[in-house]
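Counting starts at 1 for both ligands and their atoms, in listed order. Model, not experiment: these values are computed from the prediction.
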Amino acid sequence: MPILPYPDGPIAIDLHISLDGPGDFASRIHRQLLDAILDGRLRPGERLPPTRELARRLNVSRNTVSAAYERLTAEGLLVARVGSGTYVGQAPVGHVRDVPEGAIRPRPVWDGLVEASDDAEAPTYDFRMGKPDAALFPLPVWRRLLAAEWRASTIRTAGYGAPAGHHGLREAIARSTGLSRSVRARGDDVVVTQGAQQAFDLIGRVLVEPGDIVAVEDPGYPPVRDLFRSLGARVVPVPVDREGLEVEALPDGARLVHVTPSHQFPLGTPMSLARRAALLDWAGRHDAVIVEDDYDSEFRFSDRPLDPLHSLDRAGRVLYVGTFSKTLLPMLRVGFLVAPASLRPALCAAKRLSDWHGEPVTQAALARFIDSGELARHVRKATRTYAARHELIAEALAGDLAAWLDPVPSTAGLHLCAVLKPDVSVDIPSVLARAGERGVAAQSLAKYGDEVSLQGVVLGYGAIPTERVQAGLAHLAKAFKDETKRPRGGLRSADFL
Ligand SMILES: Cc1ncc(COP(=O)(O)O)c(C=O)c1O
C-alpha cells in the first residue's frame, strides 16, 4: 500500500510496502525498507512514517513495525531521533534495480525508426534547422495570459475537453490563417493537435490502410516519412525540382501525397502555381488526398506568397496542416489541421483515442494571444530578425562560400539551402565535422534525401543570434577550404615511389 506524504514531517516519502511473501510481517517490512535504502529509493535524511501510522496503514500491530525499525536501526541504516522521528541514516549508496531487459520485441518496422534524442548542448554557431529563436518569445505576455487562464473558467469544468480542441482557439486559428494565409475555414473546420506531427498521425490513422501508397517529397521531411512507414504504408519518395514536387512522377494508386508547397522542406523553394494546379488535378483523377504541410511560411521576406493548395482546392481533397512550433516554440506542442467536413468526425475520434485532447490551458492562452493581436505583432518582429539573418547567409553564399556552394532561392521560413557546385569535389560530412570542431553545427542536405541524393548544406537561422552568423559562416568557409586542400583518400602516386 502506498504511504502518503506527511505534512508535518520535513521530508515526504511515498513508499510501497507489500505484506505478501515469505516470513513474518516484521521481516517483510524490514526486507522492503532495507531494499529501498540499499538501492537508493529511500535517501539518507528522509523521514520514515511514525510506527503508529505505518501500522495503521498496513493493518498490523505497532510492535510489528517497531521490530522492523529497531532491526534496521541496529544495522545502522536508520537513526531514531527522540521527539522527532526515524530517519534514513548514511547507508552505502546503491542504485535502483534496472527494469528487466525483456525479450519482447517491437514490430520489425520500428527497427529502423528508433533515434537518439537531440538534447546535446547548443553549439556556439547553431545553424541547425527547425528551431525558432527562444529569445524572441514574448515571455511576459505569455506568462500573463497563462496565469489568467489557470485562474479562470478553463479549469472550472475539471473534466475532459472536446477532442477538436479549445473552441476559442479553433475560431482564432480559422480567423488568423484566413487573414495571413487565405485559408478559408470556420472554427468548426479546425482540429487542434499536439504539433503538426500529431495532425499527420491522425490523418494517417483515419485514411491510410496498411499497404497503401503514400507519396512524399524527396528530399523531404523524415518524421513524416517515418510516421507513415510506422503505420504500415508503402512510402514512395517522389523527386522535387525547382518548381516543386514532380507531379508526373507520382505513383499510380497513391492514396495520400504529403507536400510542403510554401517552403519546400528542406530545399526552401515554393511550388509553382502550375505545379499546384497539376497536383490538384492529379489528386482528382486518382482519388487521392493531399496533405499540405505549411510549417514555417509565416516568416516571409518578399511579396505575397502563392495561394495555399487549400484555397485552390474546390473538391475537398486538401488537408491543411499548420503549427505554432516555428512562430512560437516547438515545446508548446500546438498545431492544427483544417479538414473537409467528410473527415472531421473520424479525425476527432482518432484524436480522442490518441490523447483525448490537448492541454486546454495552453490552448486558451494561445487563443487570447492570437485574438489580442500579439501573435501578429510577434511574427512581424521576428520576421525582421530572421530576414536580417537570411540576408547575411545569402551574402556569405554569394561571397566566401561561393567557391563551393550554389544557394537555392528561398524567400521564407527559418532555413536556407545550398547545393555543392557541380564541378567541386569535397566531402560534405567531412566539412561539417571539421566545422563542428570550430563550434559550427549545420546539417548535410543528403540526410533528407531518400532515393535522390543531393550534396549540400542546410543552414537554419532560427537559433543562431544575428551577431554570430558571419563568424559562424567564416568558420564554415574555412572548413570547406581545409577539406578541399586535404588529400583525398586512396592511393596516391607518392605511395609507389
Ligand atoms: C516540414 C515540417 N513539417 C512540420 C514541422 C512541425 O512539426 P511540429 O509542429 O510537430 O513541431 C516541421 C518542424 O520542423 C517541419 O520541418
Open item on the list: Tell me the contacting part of Gln198 for ligand 1: side chain, backbone, both, or neither, using a 4.0 Å heavy-atom threshold, strictly below.
Closed with: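 Neither; no heavy atom under 4.0 Å.
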Distance filter under 4.0 Å to [X] heavy atoms, resulting ligand 1 atoms:
X	answer
Phe265	1 (C), 16 (O)
Thr323	8 (P), 9 (O)
Gln197	10 (O)
Gly195	9 (O), 10 (O)
Ser325	8 (P), 9 (O), 11 (O)

Task: Flag if over 12 foreign heavy atoms under 6.0 Å of CZ, Arg242 - done: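 Counting other residues, nucleotides and ligands, CZ of Arg242 stays at 12 neighbours or fewer.
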Open item on the list: Before we go on, tell me: are the rings of His415 and Phe127 under 6.0 Å apart, centre to centre?
Closed with: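 Here the rings of Phe127 and His415 have centres that are no less than 6.0 Å from each other.
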Are the side chain of [X] and the backbone of [Y] linked by a donor-acceptor contact shorter than 3.5 Å?
X	Y	result
Gln264	Leu267	yes
Ser182	Gly178	no
Arg333	Gly358	no

Open item on the list: If the contact criterion is a heavy-atom separation under 4.0 Å, does Arg333 count as touching ligand 1?
Closed with: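 Contact present.
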Task: Residue pair Asp450 / Arg225, side-chain heavy-atom distance below 4.5 Å - done: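 Heavy-atom side-chain distance check passes, below 4.5 Å.
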So which heavy atom in the protein is nearest [atom], and how far is it from that ligand atom?
atom	answer
atom 6 (C) of ligand 1	Ala196 CB, 3.9 Å
atom 12 (C) of ligand 1	Tyr221 OH, 3.2 Å
atom 3 (N) of ligand 1	Asp293 OD2, 2.6 Å
atom 13 (C) of ligand 1	Lys326 NZ, 2.8 Å

Task: Nitrogen or oxygen atoms of Tyr295 and ligand 1 under 3.5 Å apart - done: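 Between Tyr295 and ligand 1 (N or O atoms, distance only) the closest approach is not under 3.5 Å.
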Open item on the list: Is it the case that ligand 1 has an N or O less than 3.5 angstrom from some N or O of Gln194?
Closed with: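 No; every N/O pair is 3.5 Å or more apart.
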Would you call [X] and [Y] a salt bridge, using N to O less than 4.0 angstrom?
X	Y	value
Asp241	Arg275	yes
Asp188	Arg344	no
Asp126	Lys131	no

